[in-house]
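Report on one structure; see the data block that follows.
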Amino acid sequence: MSLAERVRDALTSALDSCGLGEHVGAVSWTVERPKRAEHGDLATNVAMALAKKVGRPPRAIAEELVKALASSDAVASAEVAGPGFVNLRLRPAVFHAELAAILRAGRAWGRAPAATGERVDLEFVSANPTGPVTVASGRNAILGDAVARLLEARGCHVTREYYVNDRGNQVRRFAESVKAAADGREPPEDGYKGAYVAELAAWLRQVEPAVLGGDLEGLGRVAVATMLRGIPGSRTLPGIRPSLADLRVRFDVWSSEEALHRWGAVDAVMRRLDAGGHLVRKEGALFFKAPEGATDDKDRVVQKSDGTWAYFASDVAYFADKIARGYDRLVIVLGADHHGYVTRVRNSMAALGLPAERFEALLYQLVFITKGGQAVKSSKRAGNVLTVDEVMDEIDEAAGRKGAGADALRFFFLSRSANVNVEFDMELAKKNSLDNPVFYVQYGHARLCSILRKAESLGIEAPRHLPEGAWAKLAHPDELAMAHKLADFPGVVTEAAALREPHRIVFYVQELARDFQSYFTRLKGERDPILPPDSTRAEEGWEARWDLGKTRARLAWILAIRDVYAAALDLVGVSAPERMDRPPAEGDDTPDE
RNA sequence: GCGCCCGUAGCUCAGCUGGAUAGAGCGACGGCCUCCGGAGCCGUAGGUCGCAGGUUCGAAUCCUGCCGGGCGCGCCA
């Protein structure tokens with residue numbers, strides 16, 4: 001039971017003893033953490049909620065409730081405030097009990113493995129396999145992966161899926177461009193011009209020359225496969241799969257659009273639509289009819305007048321296939337520029353008699369790439385894209401740590417809601433690569449680890465279980481406040497997962513970091529160190545004077561913070577380093593004005 | 001024109017299923033290095049929550065209209 005639930009129970013029984021029991025269930029009321037600490041640990045609006053129902057002024061009800069709470073073993077004190085709020089202060093033992101529960105759960109704190117059991121297919125990234133992973137699709141990858149982690153924390157069985165658009169115009173153009181590069185010609189008009197195309201051609205000439213002389217279809221297949229896999233050791237063409245892996249994004253399933261056609265899934269699903277009267281031929285093409293009443297959509301082409309299938313045709317087959325695979329929910333992460341697509345898919349599912357309500361689109365606003373404040377028009381075909389590898393390499397190098405770039409990039413994108421546009425400045429990203437707040441948060445974790453290491457070196461163990469009564473030594477207001485915050489974490493995870501909003505986790509862990517670092521510095525000023533300092537240990541018979549019980553309680557508390565810290569960082573896929581060494585400052589690299 | 005997203009401190013953004021005196025980071029200014037990690041800590045300044053109505057005990061939060069920005073409304077994906 002969560003802390004808020006326990007307090008809610010205490011309030012309910014107190015109201016019951018006031019003779020208000022029958023009304024309590026009939027109105028909705030909250031137990032929430034007030035914004036201001038002076039208003040207590042928790043506050044309830046129950047008196048205001050009951051006022052109308054009972055026909056008494058809220059403050060009068062509140063007064064009575066406060067009296068009834070006097071005998072509660074969870075509430076230390078209660079007072080009426082403002083229009084009828086009841087502010088509650090909890091007994092330290094309540095927080096101590098939470099800490100004990102956290103230490104029992106360890107890094108699983110906040111996870112609810114049995115909560116839903118839903119089988120979820122989460123499709124994300126699905127960028128055309130004709131170029132490297134850009135920072136723009138990096139947002140998709142990072143958001144999708146973080147949502148997957150959140151859903152898993154709530155007991156969903158998540159399949160991470162990448163839909164590979166491995167047929168159609170783009171792939172044909174890509175193949176033509178590779179072929180042109182191999183022949184030393186310029187790429188076609190609307191072909192791909194990036195440096196990786198030439199590298200790909202050179203590589204194929206080396207390892208698979210025959211395919212360059214074959215048909216475009218075969219070349220396209222090999223080119224796409226190489227894009228996905230990458231060229232070993234290449235920084236120009238590291239491969240979509242390895243790039244994403246460096247971002248800590250992995251997929252369970254790579255679905256092929258081409259395979260849907262080859263196996264007849266597209267034909268089959270189109271026949272079903274036709275049989276249901278959902279297709280109409282007009283203007284020489286075949287259209288999916290917008291259903292009656294769906295004012296916000298039009299007829300959509302499934303087969304072009306030249307007889308080739310439009311992408312939408314394979315999409316319909318693809319979603320039908322996912323449903324057939326037995327998922328309870330189909331989530332897809334899309335950039336805002338694709339939002340028109342959502343209704344279309346839902347309509348087509350409904351037309352096929354499939355449960356369209358299982359389909360859920362997660363939209364995020366677009367990333368604008370700028371350079372020194374100027375907008376950069378980047379296009380995969382023009383080859384002037386900013387790749388996640390470039391950015392990660394840069395930050396890894398500056399921080400002197402592999403993975404720092406992935407941490408920074410993940411934190412950057414996850415520290416704002418998906419609903420806002422983000423600007424990503426190429427120059428700023430490189431220049432200020434160590435400015436990312438992720439390093440501040442990670443530093444806090446490293447500090448916690450450092451204290452535990454120090455304790456160990458002094459022969460003091462950080463206990464995962466404290467004997468009865470030992471928690472009482474943990475009495476510093478900051479310590480209890482942080483325990484409260486740790487107790488909040490499961491609620492934060494639940495909410496973040498329900499709303500598919502991983503940024504809530506990022507804000508939470510930032511607050512945790514701030515709270516701890518602030519506390520830690522304050523202790524210094526209070527001359528109340530957690531561990532016996534060198535000077536103390538130099539004194540004769542210091543052990544007798546040192547309060548080891550308090551130290552143990554605090555170390556247990558630190559262990560709990562570290563567990564939650566690590567759990568939170570893991571939910572957003574950011575590493576929790578045990579040490580962080582500041583990279584050597586480049587003295588000669590001061591900016592010249 | 002229609003649809004979706006956004007408009008909150010100088011900048012970047014939280015808060016939006018209604019609650020009390022609206023928060024954080026960066027930037028600015030001023031402080032704090034005797035032992036557990038200074039990638040740190042404390043403080044100050046800074047806000048008509050785009051505008052106007054409405055709903056109610058109470059609105060940044062819900063509703064309507066308007067203004068401003070982003071995206072979409074292809075036989076492109």
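Not measured: the values here are computed from a predicted model. By convention in this document, chain letters (A, B, ...) are assigned in the order of the sequence lines, proteins followed by strands, and residues within each chain are numbered from 1.
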Atom-to-atom span, CG of A:Leu286 to C1' of B:rC75 - whole angstrom:
11 Å
Which of parallel (below 30°), tilted (30 to 60°) and perpendicular (above 60°) describes A:Phe516 and A:Tyr519?
tilted
Please answer whether B:rG72 and A:His338 are stacked, defined here as ring centres separated by less than 5.5 Å and planes angled under 30°.
no
Base of B:rA20 and ring of A:Phe85 stacked, centres under 5.5 Å, planes under 30°:
yes
Residue pair A:Met580/A:Ala310 against RNA chain B: nearer the 5' end by closest nucleotide is A:Met580
Report yes if at least one side-chain N or O of A:Asn421 is closer than 4.0 Å to OP1 or OP2 of B:rC6; otherwise report no.
no
Report yes if at least one side-chain N or O of A:Tyr311 is closer than 4.0 Å to OP1 or OP2 of B:rA77; otherwise report no.
no
When you measure from the side chain of A:Val420, which nucleotide among B:rC6, B:rC36, B:rC76 comes out closest?
B:rC6
Could you check whether the rings of A:Phe359 and A:Phe319 sit parallel, tilted or perpendicular, using 30° and 60° as the cut-offs?
perpendicular
Could a donor-acceptor pair under 3.5 angstrom be found where the side chain of A:Ser518 meets the base of B:rC41?
no
Ignoring hydrogens and angles, are the base of B:rA20 and the side chain of A:Asn87 linked by a donor-acceptor pair under 3.5 Å?
yes
From the options B:rC41, B:rG74, B:rC5, select the nucleotide whose nearest atom is closest to the side chain of A:Lys298.
B:rG74
Per A:Phe368 side chain, nearest of listed nucleotides B:rC36, B:rG19, B:rC71:
B:rC71
Looking at every strand, decide which applies to A:Arg36 at a 4.0 Å heavy-atom threshold: base, sugar-phosphate, or nothing.
base
Could you tell me whether the phosphate oxygens of B:rC13, OP1 or OP2, come under 4.0 Å of any side-chain nitrogen or oxygen in A:Arg416?
yes
Rounded to whole Å, the NZ-C1' distance (A:Lys35 to B:rG18) equals 11 Å
Can you tell which of B:rA60, B:rG37, B:rC71 lies closest to the side chain of A:Asp337?
B:rC71
Would one find a side-chain N or O of A:Lys304 under 4.0 angstrom from OP1 or OP2 of B:rA77?
yes
Taking A:Asp425 first and then A:Lys371, would you say they form a salt bridge - that is, a charged N and a carboxylate O separated by under 4.0 Å?
no
In whole Å, what is the span from the CG atom of A:Asn419 to the P atom of B:rG15?
9 Å
Contact under 4.0 Å: A:Tyr440 side-chain N or O vs B:rC41 OP1/OP2:
yes
Contact class for A:Arg167 vs. all strands (heavy atom < 4.0 Å): base, sugar-phosphate, or nothing?
nothing
Can you give the dot-bracket line for RNA chain B, where a pair is Watson-Crick or G-U wobble with both atom distances under 3.5 Å, crossing pairs use [ ], and | marks a partner on another strand?
(((((((..((((.....[...)))).(((((.......))))).....(((((..]....))))))))))))....
Are A:Tyr364 and A:Asn140 linked by a side-chain donor-acceptor pair shorter than 3.5 Å?
yes
Ignoring the backbone of A:Pro34, work out which of B:rC6, B:rC13, B:rA20 is nearest its side chain.
B:rA20
Between the side-chain atoms of A:Ser450 and the base atoms of B:rC36, is any donor-acceptor pair under 3.5 Å?
no
Rounded distance (Å) that lies between atom P of B:rA39 and atom CZ of A:Phe516:
14 Å
Checking all strands, does A:Thr30 fall into the base, sugar-phosphate, or nothing category for heavy-atom contacts under 4.0 angstrom?
nothing
Listed nucleotide nearest any side-chain atom of A:Ala336, set B:rC71, B:rG37, B:rA20
B:rC71
At 4.0 Å (heavy atoms only), tell me whether A:Ile530 reaches a base, stays on the sugar-phosphate, or touches nothing.
base
Using whole Å, report how far CG of A:Leu428 lies from P of B:rU12.
12 Å
Taking every non-hydrogen atom, the tightest pair across A:Leu363 and A:Gly335
CD2-O, 3.9 Å
Once you apply a heavy-atom cut-off of 4.0 Å, does A:Arg344 come out as touching a base, just sugar-phosphate, or nothing?
base
I want to verify a distance call: between B:rG23, B:rC41, B:rC75, whose nearest atom is closest to the A:Thr521 side chain?
B:rC41
Hey, does A:Ala418 reach any base, or is it just sugar-phosphate, or nothing, if we go heavy atoms under 4.0 Å?
nothing
Shortest non-hydrogen contact from A:Arg500 to A:Val147?
CG-CG1, 4.0 Å
Is the distance between the ring centroids of A:Phe412 and A:Phe424 under 6.0 Å?
yes
In terms of side-chain heavy atoms of A:Phe507, which of B:rC13, B:rC71, B:rA20 is nearest?
B:rC13
Determine: side-chain N/O of A:Thr308 to OP1/OP2 of B:rC75, distance under 4.0 Å, yes or no.
no
May I have the distance from A:Asp478 (atom CG) to B:rC42 (atom C1'), rounded to whole angstrom?
13 Å
With a non-hydrogen cut-off below 4.0 angstrom, is A:Ala446 in contact with a base, only sugar-phosphate, or nothing?
base
Using a cut-off of 4.0 Å on non-hydrogen atoms, how would the nucleic acid contact of A:Asp528 be classed: base, sugar-phosphate, or nothing?
nothing
Output the single nucleotide from B:rC6, B:rC5, B:rC42 whose closest atom is nearest the side chain of A:Gln365.
B:rC5
To the nearest Å, how far apart are A:Gln510 CD and B:rA39 P?
18 Å
Does A:Asp407 pair with A:Arg401 as a salt bridge, N-O distance under 4.0 Å?
yes
Decide, yes or no, whether a salt bridge links A:Lys322 with A:Glu123 under the criterion of side-chain N to carboxylate O below 4.0 Å.
yes
Return no unless some side-chain N or O of A:His503 is found under 4.0 Å from OP1 or OP2 of B:rG15.
yes
Are A:Asp166 and A:Arg221 within salt-bridge range, i.e. N to O under 4.0 Å?
no
For A:Glu257, answer base if it contacts any base atom (sugar-phosphate contacts may also be present), sugar-phosphate if it contacts only those atoms, and nothing otherwise; contact means non-hydrogen atoms under 4.0 Å.
nothing
Please classify the nucleic acid contact of A:Leu523 as base, sugar-phosphate, or nothing, using heavy-atom distances under 4.0 Å.
base
Taking the same atom, C1', in B:rC6 and in B:rA39, what whole-Å distance lies between them?
33 Å
Taking the side chain of A:Arg504 as heavy atoms from C-beta outward, which of B:rC71, B:rG15, B:rU17 is closest to it?
B:rG15
Tell me which one of A:Glu539, A:Glu543, A:Arg537 satisfies side chain to side chain contact (heavy atoms under 4.5 Å, CB included) with A:Pro532.
A:Arg537
Taking any heavy-atom pair under 4.0 Å as a contact, classify A:Ala81: base, sugar-phosphate, or nothing.
base
Please report, rounded to the nearest Å, how far the P atom of B:rG25 is from the CD atom of A:Gln517.
12 Å
If you assign each of A:Glu495 and A:Asn169 to its closest nucleotide in RNA chain B, which residue comes earlier from the 5' end?
A:Glu495
